[in-house]
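Structure, as structure tokens:
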Amino acid sequence: MVQNIRVRFAPSPTGKLHIGGARTALFNWAYARGRGGKFVLRIEDTDPERSTFENEVAILQGLRGLGLDWDEGPDVGGPHAPYHQKDRIARHKELAQVLLEKGWAYRCFCTRERLEVLNQELTAKKERLAYDRRCRGLAASEVEARVAQGEPFVLRFAVPDGKTAFKDLVRGDVVFGNEEVEDWVMVRSDGNPTYNFVVVCDDIDMGITHVFRGEEHLVNTPKQVLLYKAFDSAQPEFGHLPLMLGTDKKKLSKRTGDTALQDYIDRGFPREAIINFLCLQGWALDGATDIFSLEQFVEKFDIKDVSKAGAVFDIDKFMWLAGEYIRTGTVESLADASLPFVVRKGLATADELKARREWYLAVVAGVKERVRTYAELADQIAYLFVDDEKLTYDEAAEKGAKKHERRVEILRTFLDWLRPQIAHGVQPEPLRNAAKQWVADNNLEMPALFQPLRCALTGQAGGPDLFDTMAWLSSARTLRRIELGIERLA
RNA sequence: GGCCCCAUCGUCUAGCCAGGCCUAGGACACCAGGUUUUCAUCCUGGCGACAGGGGUUCAAAUCCCCUUGGGGUCACCA
């Protein structure tokens with residue numbers, strides 16, 4: 001049994017943090033936290049072309065935003081610093097040299113052009129695409145001469161004969177025939193080592209004991225296992241998480257929905273809901289509980305319980321979960337969390353909302369059980385902020401209002417009755433009772449008044465209690481909107 | 001196409017490893033009804049799956065094999 005568990009998450013700052021990457025981070029983190037291990041964050045920035053510092057900062061923020069923390073990492077340091085792969089390159093080169101000397105690697109002078117031709121030939125013959133090892137048997141003298149002449153070369157790993165097996169904590173034992181593993185490039189012609197090489201160097205140097213990552217890395221594993229052998233180093237335990245799938249059942253891509261963690265944050269999903277939903281992709285607490293905390297997750301999570309099959313990302317369930325968290329949270333927290341969304345939508349400034357805190361809290365309380373995300377909240381209360389004259393009526397709202405033949409007459413007489421009632425402000429409770437009595441006194445059905453009224457006031461077909469709405473709108477705007485409604489619904 | 005992985009309701013999954021307790025449980029979605037001034041919430045009910053075929057066994061969703069289907073991967077990206 002491994003004593004000191006050390007896991008890592010190693011994102012590449014070549015783009016935004018993928019939602020699947022967020023789940024990988026979450027599972028790694030939970031595994032470490034659940035058994036007193038260490039969680040290491042390492043930045044895989046060996047692709048100088050596409051890696052950016054902005055991406056890195058965003059990834060770190062995203063992870064922290066989810067509530068994850070790391071014991072060692074680029075911003076917190078640690079005993080195995082540095083935590084940027086590009087800063088470890090001297091060490092990588094040193095290790096590559098070791099493998100070269102031990103015969104585990106060899107120089108390959110084949111040009112990209114030749115490789116291109118080779119691939120075409122292989123494709124034509126319908127054979128497996130792989131390097132043909134032409135440079136593997138080069139005489140030492142020839143290699144020396146070509147190096148001396150300044151001929152560019154890459155370092156390839158010399159894959160031995162045999163089979164490569166490893167234990168996968170999610171899938172069981174996996175075996176690859178080594179003939180399926182090509183002599184892959186360890187070090188590029190520009191001297192920069194490649195992913196499969198550095199990842200193992202760093203995992204060894206950092207004492208990583210468990211490697212949990214997405215299933216797309218499963219086929220890389222034999223290359224890496226061979227590297228552990230070449231370095232005469234103990235193999236870590238592996239665990240390949242099932243892929244997160246789009247509705248087309250293929251690896252989640254932008255084609256079928258948002259793929260970045262940030263996309264969902266921007267769409268106003270509560271962070272607890274994001275975490276909770278991610279946990280449910282490939283794992284279940286007990287088969288009956290869908291809603292649980294990060295703490296419960298840490299307590300119960302085990303890599304062995306992760307399912308093997310891919311998980312389709314079901315946005316409907318995600319939305320439901322988000323709404324569940326919003327409904328069970330407090331009005332205050334919802335007000336705070338939704339405020340930036342209201343501001344971003346251009347409805348009001350943060351200062352304005354803070355100045356009207358009580359009012360905003362009342363509004364939020366009114367829509368709390370009707371929204372699933374912060375963005376939806378902003379959408380639903382937008383009508384409160386627009387000019388009375390510019391209020392637009394939803395199709396459904398207008399249709400519902402116009403269903404009632406006597407709408408204009410009813411609205412008129414109601415307006416006359418209402419005017420003195422709210423002359424000194426709106427008191428929802430007594431007003432509601434009085435209005436219901438008014439409806440009864442006039443021998444009307446409730447909807448005959450309320451549907452046109454709701455349309456005039458909000459432009460929406462549904463929503464919170466109308467008398468609360470009047471209070472949020474204030475007397476003047478309430479009266480004005482009814483006047484406008486009488487004209488517009490005629 | 002080669003190799004690798006996977007296979008329970010439309011979706012997420014429990015059950016499988018240690019075969020009987022499974023006439024397969026929960027959740028989302030959907031449908032119907034109730035509550036409500038509307039919408040939403042909430043409550044009640046309904047629909048709905050062990051991919052197929054062989055074995056092994058007294059007994060298989062659970063173990064084995066095959067087929068079929070789906071996915072991943074085949075870079076001097078990570």
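Letters A, B, ... mirror the listed sequences (proteins, then strands); counts begin at 1.
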Please say which of A:Phe238, A:Tyr195, A:Phe212 ends up in a ring pair (Phe, Tyr, Trp, His ring centres under 6.0 Å) with A:His217. A:Tyr195
Which part of the nucleic acid does A:Gly463 contact within heavy-atom distance under 4.0 Å: base, sugar-phosphate only, or nothing? base
State whether a side-chain donor-acceptor pair under 3.5 Å links A:Asp183 with A:Tyr106. yes
For B:U73 and A:Lys251 - does any side-chain N or O of the residue sit under 4.0 Å from the phosphate oxygens OP1/OP2? yes
Round to a whole Å and report the spacing from CD of A:Glu182 to P of B:U73. 16 Å
Does the ring of A:Tyr393 carry A:Arg488 above it, NZ/CZ under 6.0 angstrom from centre and within 45° of its axis? yes
Just call it for A:Val174: base, sugar-phosphate, or nothing, with non-hydrogen atoms closer than 4.0 Å on any strand. sugar-phosphate
Taking only the P atom of each, what is the distance from B:G71 to B:G34 in whole angstrom? 44 Å
Which nucleotide, B:A78, B:C4, B:G71, lies nearest any side-chain atom of A:Tyr195? B:A78
Taking B:C4, B:G71, B:A78 as options, the one with an atom nearest any side-chain atom of A:Thr46 is B:A78
Taking the same atom, C1', in B:G54 and in B:G33, what whole-Å distance lies between them? 47 Å
Just to be sure I understand the rule, does A:Val312 reach a base, reach only the sugar-phosphate, or reach nothing, if contact means heavy atoms closer than 4.0 Å? sugar-phosphate
Looking across every strand, which nucleic acid part, if any, lies under 4.0 Å from A:Thr247 by heavy atom: base, sugar-phosphate, or nothing? nothing
Given the C1' atoms of B:G19 and B:C50, what is the spacing between them in whole Å? 15 Å
Any A:Lys317 side-chain nitrogen or oxygen under 4.0 Å from OP1 or OP2 of B:C12: no
Between P on B:A75 and CD on A:Glu49, what's the gap in Å once rounded to a whole number? 18 Å
To the nearest angstrom, the CG-P distance between A:Leu252 and B:U11 comes to 16 Å
Taking the six-membered ring of A:Phe109 as reference, does the cationic atom of A:Arg107 (NZ for Lys, CZ for Arg) lie under 6.0 Å from its centre and within 45° of its axis? no
Check every strand shown and say whether A:Lys308 touches a base, only sugar-phosphate, or nothing at a heavy-atom separation below 4.0 Å. sugar-phosphate
Please work out if A:Asn196 contacts a base, only the sugar-phosphate, or nothing of the nucleic acid, heavy-atom cut-off 4.0 Å. base
Which whole-number value in Å describes the distance from A:Asp468 CG to B:A40 C1'? 14 Å
Which atom pair, heavy atoms only, marks the closest approach of A:Thr194 to A:Val185? OG1-O, 2.8 Å
Between B:A78 and A:His217, is there a base-stacking contact, meaning the centre of the base's six-membered ring lies under 5.5 Å from the residue's ring centre while the planes stay under 30° apart? yes
Using a 4.0 Å heavy-atom cut-off across all strands, classify A:Gly282 as base, sugar-phosphate, or nothing. sugar-phosphate
Hey, which of these two, A:Gln281 or A:Thr14, hits RNA chain B nearer its 5' end, going by closest nucleotide? A:Gln281
Check every strand shown and say whether A:Val199 touches a base, only sugar-phosphate, or nothing at a heavy-atom separation below 4.0 Å. nothing
Pairwise P distance, B:C66 and B:A7 [rounded to whole Å]: 16 Å
Quote, to the nearest angstrom, the P distance that separates B:G26 from B:U67. 37 Å
With rounding to the closest Å, how many angstrom separate the P atoms on B:A78 and B:C42? 48 Å
Hey, does A:Arg50 reach any base, or is it just sugar-phosphate, or nothing, if we go heavy atoms under 4.0 Å? base
Considering all heavy atoms, the nearest A:Met470-A:Thr478 contact: O-OG1, 3.3 Å
Of the candidate nucleotides B:G71, B:C76, B:C4, which contains the atom at the shortest distance from the side chain of A:Arg112? B:C76
Considering just the side-chain nitrogens and oxygens of A:Ser189, establish if one lies under 4.0 Å of OP1 or OP2 belonging to B:C76. no
Test item: A:Gln296 side-chain N/O and A:Ser293 main-chain N/O as donor-acceptor pair under 3.5 Å: yes
Among side-chain atoms of A:His92 and A:Asp202, is any donor-acceptor pair under 3.5 angstrom? yes
Nucleotide nearest A:Ala288 when distance is taken to its side chain, options B:C76, B:C42, B:G26: B:G26
What's the closest nucleotide to the side chain of A:Ala311 if the choices are B:U13, B:A40, B:U73? B:U13
Between B:C3 atom C1' and A:Glu180 atom CD, what is the distance in whole Å? 5 Å
Could you check which nucleotide pairs with B:A7 in any of the strands shown, counting Watson-Crick or G-U wobble with both distances under 3.5 Å? B:U68
Does A:Asp314 contact B:A29 through a side-chain donor or acceptor facing the base, at a distance under 3.5 Å? no
Looking across every strand, which nucleic acid part, if any, lies under 4.0 Å from A:Asn220 by heavy atom: base, sugar-phosphate, or nothing? base
Give a yes or no on whether a donor-acceptor pair under 3.5 Å exists between the nucleobase atoms of B:U41, that is its base, and the side chain of A:Arg370. no
Rounded to whole Å, CZ of A:Arg42 lies from C1' of B:A78 at a distance of 12 Å
Answer for the Watson-Crick or wobble partner of B:G2, both distances under 3.5 Å, is B:U73
If you find the nucleotide of RNA chain B closest to A:Arg156 and the one closest to A:Arg171, which residue's nucleotide is nearer the 5' end? A:Arg171
Rounded to whole angstroms, how far apart are CZ on A:Arg372 and C1' on B:C42? 16 Å
Regarding A:Leu129, tell me which of base, sugar-phosphate or nothing describes its non-hydrogen contacts under 4.0 Å with the strands shown. sugar-phosphate
Would you mind reading off the distance between A:Ile291 atom CD1 and B:C12 atom P, rounded to a whole angstrom? 19 Å
Quick note, A:Ala284 side chain, CB onward, closest among B:C5, B:U41, B:U13 is B:U13
Rounded to whole angstrom, note down the P distance from B:G45 over to B:C9. 24 Å
A:Ala309 has a side chain; which of B:A7, B:U41, B:C5 sits nearest to it? B:A7
Could you measure between the two P atoms, the one in B:C64 and the one in B:G25, and give it in whole Å? 25 Å
Check whether any side-chain N or O of A:Lys249 sits under 4.0 Å from OP1 or OP2 of B:U11, and answer yes or no. yes
Over all strands shown, is A:Gln451 touching base, sugar-phosphate only, or nothing at heavy-atom distances under 4.0 angstrom? nothing
Taking atom CZ of A:Arg134 as the centre, does the number of heavy atoms from other residues, nucleotides or ligands within less than 6.0 Å exceed 12? no
